[in-house]
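Since this is a predicted model, take the numbers as computed values, not measurements. Just so it is clear: chains get the letters A, B, ... in the order the sequence lines come, proteins before strands, and each one is counted from 1.
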Amino acid sequence: MKENNNGVQLVEDENKLVALRREKLQIIREKRQAYPNTFNRESTAQLLIVKYSEKNRSQLEELAVETMIAGRIIRMRGPFLVITDGGVNIQLYVNKKELSEALANELKLLDLGDIVGVRGVVFKTNKEELTIRLSDFQVLSKSLHPLPDKHKGLIDTELRYRQRYLDLIVNEDSRLIFRKRSKIIRFIRNYFEDLDFMEVETPMMQVIPGGATARPFVTHHNALDQDMYLRVAPELCLKRLVVGGFEKVFELNRNFRNEGLSARHNPEFTMLEFYQAYANYHDLMDLTEDLLRKIAYALGETTRVTYQGSVYDLGKPFARISVHEAICRHCEISEADLKTITLVKAAAESLGVQFEDEWSSGKIIMEIFEQKVESKLDQPTFVTEYPIEVSPLARRNEERPEITDRFELIIGGRELANGFSELNDPEDQAERFHAQVAQKNSGDQEAMHFDADYVTALEYGLPPTAGEGIGIDRLVMLFADAPSIRDVLLFPHMRPLKNSD
RNA sequence: GGGCCGUUAGCUCAGUCGGUAGAGCAGUUGGCUUUUAACCAAUUGGUCGUGCGUUCGAAUCGCACACGGCCCA
């Protein structure tokens, strides 16, 4: 143990690399405020490059621009230091003989990873690299830990997720993914605002969770002594707003589902949901195609997207086929084999799809679809005509009462979006809720609750409306060519590390 | 939940048949001061994920557990 200048006991670092850096920090502390609050930058690496990279050596020599910038030291190369400033690198040239003795000594306190403020004149080296000739510098924030490998960066996926800041310091690819994510989200907001949609925020903590068949997280409100649920979807709130007269609304925010973790699932994830009165599900398929096409173009000035080696041209019309057609196309099954529940069960058995005897025809059909077909739908495809039993909030088809006016968008075997013409018949909705409650009572933890107020809202009158949800994380995965949802979440959920104490 | 793979220095990775633990980078010391994964010389650094077992002897073989990855449900 040793004491710092506040008299606080410090555990001696078991790691010598850290201990050495702490000693350097201590030397700085003895001289001055080690973590100064103010450093008045006169420029940034980005600005200097924009302003001076086109100038030649003699022009720069004439200008003799003196500047002050700051950044993190990421390379030391003989007399050169490279600092990174907002993701842009710029080189410093250090000649001890040009510095005062005090400053020259302070050079010894510098380590890779330190954040420094520097002053110097802008020039170009023999190799034509824009550089700052160091005349003064100050450590603004001492880095106590060594940085990961300077060539290969941080590779260990576990560390990249647990210590995202480190990943972001050293892995440019990772920084680019999150910039892209931000750009996509901004694009989507602008897109919907341009179409006169209004962005709204509805509760994330709900007394009755609804809007999706999924298991919710439960929490407790102490003052009200009441269990509450983190929302699994904002759907029922958003449709209440359409009842209220906000005819075009969207919400782009977090949902929570109490399910397993995987490369495609995180307990909290970001969803876009939007509702448009006087539209139907065909209108939303058109809108979705247009949106994806424009995002692709905004990101890369092309409608072609490469994901994990496969190329998707979002500029081409997306295929639109029914659940039944999709099954017939990818399994040894004909439309006639799906006519009755007996035939459907026989089909499932012949395909080796497990089901329980009390399941409805629609539920077994969807099980066949999810297990045998979904992953084979590679090119962008809208799958339509979902069975009514698995679509408790979707409008019943006017000709065929056993299916709904619903679609899902599949790209690369992954579900990206789910939309439908909304069920606005309050009596039909009440029946569907009752069916869900019956399922819940027989043990299905994902089945929906009965939301009486929502039925009341429908009784006041929901105009004909269509609505859709788009999984933003999966969308970003597609555009960023990321194999795991964790690659597009800044802080993905991880199991806690066991502490030995 | 099941199967397979991984876990070795701060980082990236080797480690053969079970026989006292290796490299590159980073670090330290010195040199070099217009370099570009800078270079040259010397040098420090290990709970081999954790625990138990087999063995004269375990990073290596076995079992259990933890964390991660991939696949399946």
Could you check whether Tyr161(A) gets within reach of a base, just the sugar-phosphate, or nothing at all, counting any heavy atom under 4.0 Å? sugar-phosphate
Lys96(A) or Leu147(A), whichever maps to the more 5' nucleotide of RNA chain B: Leu147(A)
So Lys152(A), base contact, sugar-phosphate only, or nothing? Heavy-atom distance under 4.0 Å. sugar-phosphate
Choosing from rU35(B), rA37(B), rU34(B), which nucleotide comes nearest the side chain of Lys150(A)? rA37(B)
Could you check how far NE2 of His145(A) sits from C1' of rA9(B), rounded to whole Å? 16 Å
For rA41(B), give its Watson-Crick or G-U wobble partner with both distances under 3.5 Å, or none. rU29(B)
If I take atom CG in residue Leu261(A) and atom C1' in nucleotide rG1(B), what distance separates them, rounded to the nearest angstrom? 14 Å
Across all strands shown, which nucleotide pairs with rG57(B) by Watson-Crick or G-U wobble geometry, both distances under 3.5 Å? none
Give a yes or no on whether a donor-acceptor pair under 3.5 Å exists between the nucleobase atoms of rU35(B), that is its base, and the side chain of Arg75(A). no
Output the rounded distance in Å from NZ (Lys127(A)) to C1' (rA38(B)). 9 Å
Options rC13(B), rU44(B), rU33(B), nucleotide nearest the side-chain atoms of Pro79(A): rU33(B)
Sugar-phosphate, base or nothing in reach of Lys108(A), heavy atoms under 4.0 Å: nothing
Which nucleotide in rU35(B), rU28(B), rU33(B) has an atom nearest any side-chain atom of Leu20(A): rU28(B)
More than 12 heavy atoms of other groups within 6.0 Å of Lys376(A) NZ: yes
Describe the nucleic acid contact of Leu112(A) in one word from base, sugar-phosphate, nothing, applying a heavy-atom distance below 4.0 Å. sugar-phosphate
Measure from NZ on Lys24(A) to C1' on rG27(B) and round the result to the nearest Å. 8 Å
Just N and O in the side chain of Asn95(A): are any of them under 4.0 Å from OP1 or OP2 of rU33(B)? no
Describe the nucleic acid contact of Arg77(A) in one word from base, sugar-phosphate, nothing, applying a heavy-atom distance below 4.0 Å. base
Walk me through it: do Asp481(A) and Gln308(A) pass the test side chain to side chain donor-acceptor pair (under 3.5 Å)? CA-CA 6 Å; Asp481(A) 197 12; Gln308(A) 303 295 293; 2.9 Å; yes
Does the side chain of Phe355(A) reach to within under 4.5 Å of the side chain of Val344(A), using non-hydrogen atoms? no
Under 3.5 Å donor-acceptor pair, Asp149(A) side-chain atoms to rG24(B) base atoms: yes
Candidate pair Asp378(A) and Tyr312(A), rule side chain to side chain donor-acceptor pair (under 3.5 Å), full reasoning: CA-CA 9 Å; Asp378(A) 187 42; Tyr312(A) 304 102; 2.5 Å; yes
Without decimals, in angstroms, what is the distance between Arg486(A) CZ and rG68(B) P? 7 Å
Counting heavy atoms from C-beta on, name the nucleotide in rU36(B), rU34(B), rG10(B) closest to the side chain of Gln91(A). rU36(B)
In whole Å, what is the span from the CG atom of Leu166(A) to the C1' atom of rU12(B)? 14 Å
Would a distance-only check, ignoring hydrogens and angles, find a side-chain to backbone donor-acceptor pair under 3.5 Å from Asp156(A) to Leu159(A)? yes
Would you kindly check whether a donor in the side chain of Glu158(A) faces an acceptor in the base of rU7(B), or vice versa, at under 3.5 angstrom? no
Assign Arg160(A) to base, sugar-phosphate, or nothing according to its heavy-atom contacts below 4.0 angstrom with the strands shown. nothing
So Gln354(A), base contact, sugar-phosphate only, or nothing? Heavy-atom distance under 4.0 Å. nothing
Which is true for Gly153(A) with a 4.0 Å heavy-atom rule: it touches a base, it touches only sugar-phosphate, or it touches nothing? sugar-phosphate
Applying a 4.0 Å non-hydrogen cut-off, can you work out what Arg162(A) is touching in the nucleic acid: base, sugar-phosphate, or nothing? sugar-phosphate
Measure from the side-chain heavy atoms of Ser484(A) and tell me the nearest of rC70(B), rU33(B), rU12(B). rC70(B)
Between atom CG in Asn15(A) and atom P in rU28(B), what is the gap in whole Å? 13 Å
Could you please name the option among rG27(B), rC70(B), rC67(B) that lies closest to any side-chain atom of Met76(A)? rG27(B)
Does the structure show a Watson-Crick or G-U wobble partner for rU12(B), both distances under 3.5 Å? Name it, or say none. rA23(B)
Can you confirm whether more than 12 heavy atoms, excluding those of Arg175(A), are under 6.0 Å from its CZ atom? yes
Using a 4.0 Å heavy-atom cut-off across all strands, classify Val94(A) as base, sugar-phosphate, or nothing. base
Distance to the ring centre below 6.0 angstrom and angle to the axis at most 45 degrees; does that hold for Arg133(A) and Phe123(A)? yes
Pro148(A) near the nucleic acid: base, sugar-phosphate alone, or nothing, with a heavy-atom cut-off under 4.0 Å? sugar-phosphate
Would one find a side-chain N or O of Lys16(A) under 4.0 angstrom from OP1 or OP2 of rU43(B)? no
Pick the closest RNA chain B nucleotide for Leu110(A) and for Thr157(A) by heavy atoms, then say which residue is nearer the 5' end. Leu110(A)
Under 3.5 Å for both donor-acceptor distances, Watson-Crick or wobble: does rG6(B) have a partner, and if so which one? rC67(B)
Take atom CG of Leu60(A) and atom C1' of rU34(B), then tell me their distance rounded to the nearest Å. 14 Å
If you count heavy atoms of other groups shown closer than 6.0 angstrom to CD of Glu358(A), is the number above 12? yes
Can you tell which of rU28(B), rA26(B), rU34(B) lies closest to the side chain of Tyr93(A)? rU34(B)
Complementary nucleotide for rC52(B) - Watson-Crick or wobble, under 3.5 Å: rG62(B)
Of all the nucleotides listed (rC67(B), rU36(B), rG10(B)), which has the minimum atom distance to the side chain of Leu17(A)? rG10(B)
Looking at rG68(B), rG27(B), rU35(B), which one has an atom nearest to any side-chain atom of Asp111(A)? rG27(B)
Looking only at side-chain atoms of Leu159(A), point me to the closest of rU33(B), rU28(B), rC11(B). rC11(B)
